[in-house]
Amino acid sequence: MGRADLIKAEESLKDFLLNEYRQENERARVRGRINDIVDTTKYRRLSICFSEYGDTLLILVQIGTYSAVFNVNEGKKIGGSMSIEDIQLIETWISIKSNKEILKNLSKKRSYHEKYVELKPFDDV
């Protein structure tokens, strides 16, 4: 079950990010603005660390050298630093009901050392 939840999280994140950037990247291509195309490979190794305080599930998300803490229940950033665009993407992704469930299931797995999970949504691209 743990591996299945991990795969669901990776696939959900990959689909979400590709859908978010698809129109933006297509517009940039049409306009010949190659420098404006978003490189989704920055999400190759998105790290998540889980922490629970009572009924509140917190995740620390690391994208490259930036990190921020998000409240899964509220779907909001509560601390840390990363680009506004990445914060909005993560908050939107977390707020989707099925993703909240996946994150809650992953947080309950005892097999992850210190509740640390590395998602690799773009490693096969």
Side-chain angles (χ1 to χ4, degrees):
M1 181 74 161
R3 182 73 185 139
D5 287 324
L6 185 59
I7 290 169
K8 283 182 193 173
E10 289 174 345
E11 288 176 355
S12 170
L13 184 60
K14 181 179 182 177
D15 290 345
F16 175 78
L17 291 170
L18 288 175
N19 285 332
E20 288 296 311
Y21 286 125
R22 185 169 283 125
Q23 287 182 336
E24 190 176 323
N25 284 350
E26 188 56 34
R27 249 183 264 122
R29 274 190 205 90
V30 167
R31 294 180 179 156
R33 300 182 58 110
I34 303 303
N35 291 336
D36 291 342
I37 293 175
V38 177
D39 180 11
T40 55
T41 59
K42 74 177 183 176
Y43 301 107
R44 273 219 157 117
R45 284 188 162 69
L46 185 140
S47 302
I48 297 177
C49 185
F50 296 94
S51 180
E52 294 177 77
Y53 294 99
D55 289 338
T56 304
L57 176 61
L58 304 177
I59 58 170
L60 170 70
V61 177
Q62 292 181 292
I63 300 173
T65 59
Y66 298 99
S67 63
V69 177
F70 295 83
N71 180 321
V72 173
N73 300 352
E74 296 176 6
K76 297 290 179 192
K77 178 181 98 68
I78 60 171
S81 175
M82 64 177 49
S83 75
I84 297 292
E85 184 177 75
D86 286 338
I87 290 168
Q88 290 172 341
L89 285 171
I90 297 299
E91 285 178 343
T92 303
W93 184 73
I94 290 172
S95 294
I96 297 169
K97 186 178 179 180
S98 60
N99 294 334
K100 278 187 185 186
E101 292 305 313
I102 291 169
L103 291 170
K104 287 177 183 178
N105 287 342
L106 280 174
S107 74
K108 295 175 185 171
K109 304 303 174 208
R110 300 283 182 231
S111 60
Y112 296 119
H113 179 65
E114 296 180 17
K115 305 231 180 201
Y116 169 85
V117 177
E118 184 176 67
L119 298 180
K120 302 173 187 176
F122 292 101
D123 277 18
D124 61 348
V125 176

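Contacts of Arg27 classified as side-chain hydrogen bond (donor to acceptor under 3.5 Å, both in side chains), with partners at least two apart in sequence or in another chain: none. In this structure, the salt bridge (Lys or Arg N to Asp or Glu O under 4.0 Å) partners of Arg33, at least two apart in sequence or on a different chain, are Asp36.
A salt bridge does not link Lys14 with Glu11: every distance from a Lys NZ or Arg NE/NH1/NH2 to an Asp or Glu carboxylate oxygen is 4.0 Å or more.
With hydrogens and angles disregarded, a donor-acceptor distance shorter than 3.5 Å links the side chain of Ser107 to the backbone of Lys104. Judged by distance alone, with hydrogens and angles left aside, the side-chain atoms of Lys100 form no donor-acceptor pair with the main-chain N or O of Ser95 at under 3.5 Å. Remark: side-chain polar atoms of Asn99 are paired, donor with acceptor, to backbone N or O of Trp93 under 3.5 angstrom.
Every pair passing side chain to side chain donor-acceptor pair (under 3.5 Å) that includes a residue from residues 76-88 is listed here, sequence neighbours excluded: Tyr21-Glu85, Lys42-Asp86, Tyr43-Asp86, Ser83-Asp86.
Between atom CD1 of residue Ile59 and atom CD1 of residue Ile90 there is a gap of 7.0 Å, rounded to the nearest 0.5 Å. Note that CD1 of Ile102 and CD1 of Ile7 are 11.5 Å apart. Values are rounded to the nearest 0.5 Å.
Taking every heavy atom of both residues into account, Asn105 and Asp5 meet most closely at CB-OD2, 3.3 Å. The shortest heavy-atom contact between Ala68 and Met82 is N-CE, 3.7 Å. Of all non-hydrogen atoms in Phe70 and Ile87, the two that sit nearest each other are CE2-O, 4.0 Å. Across all their heavy atoms, Leu58 and Asn71 have their closest contact at CD2-CA, 3.8 Å. For Leu89 against Phe16, the heavy-atom pair with the smallest separation is O-CE2, 3.4 Å.
Side-chain atoms of Leu106 and Ile48, non-hydrogen and from C-beta on, never get closer than 4.5 Å to each other.
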